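Heads up: the structure comes next, in structure tokens.
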Amino acid sequence: MKLSARNQLKGTVISVEKGPISAKVKIDVGGGNTITSTVTAETIDDLGLKDGDAVVAIIKSSEVIIGK
């Protein structure tokens, strides 16, 4: 599958917190870095996501703004 998103990070699922509508998935992408993604609960079921799964975090965004 070809994707237009160029920011792709391979990682391992370290936790899945599934609620009735949405879920939070934490992915260890190495080097002490973790990415957290919010997806639908249906996506968790469709992909069969669970701790330890090898995944690719695909990031496509026009803006990411974080301030402190």
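Nothing here was measured: the structure is a model prediction, and the numbers come from that model.
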[atom2] on [Y] to [atom1] on [X], rounded to 0.5 Å:
X	Y	atom1	atom2	answer
S15	I27	OG	CD1	9.5 Å
Q8	I58	CD	CD1	5.0 Å
D51	K26	CG	NZ	11.5 Å
T40	D46	OG1	CG	7.0 Å

Residue E42 excluded, over 12 heavy atoms near CD under 6.0 Å
no
Among T34, I35, T12, which residue meets the side chain to side chain contact (heavy atoms under 4.5 Å, CB included) test with V29?
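It is I35; the other options fail the test.
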Please evaluate residues K50 and V16 with respect to the criterion side chain to side chain contact (heavy atoms under 4.5 Å, CB included), reporting the C-alpha separation (whole Å), side-chain torsions for both, the decisive distance (0.1 Å), and the verdict.
CA-CA 6 Å; K50 61 189 179 311; V16 177; 5.6 Å; no
Under the criterion side chain to side chain contact (heavy atoms under 4.5 Å, CB included), I'd like the reasoning laid out for K18 against D45: C-alpha separation, chi angles, the key distance, then a yes or no.
CA-CA 10 Å; K18 186 177 169 189; D45 295 337; 2.5 Å; yes
Taking every non-hydrogen atom, the tightest pair across A41 and G19:
CB-O, 3.6 Å
Evaluate the criterion side chain to side chain contact (heavy atoms under 4.5 Å, CB included) for residue pair I44 and V25; output intermediate values, then yes/no.
CA-CA 9 Å; I44 299 299; V25 181; 3.6 Å; yes
Among the clusters formed by ILVMFWY side chains lying less than 4.5 Å apart, do I14 and L47 turn up in the same one?
no
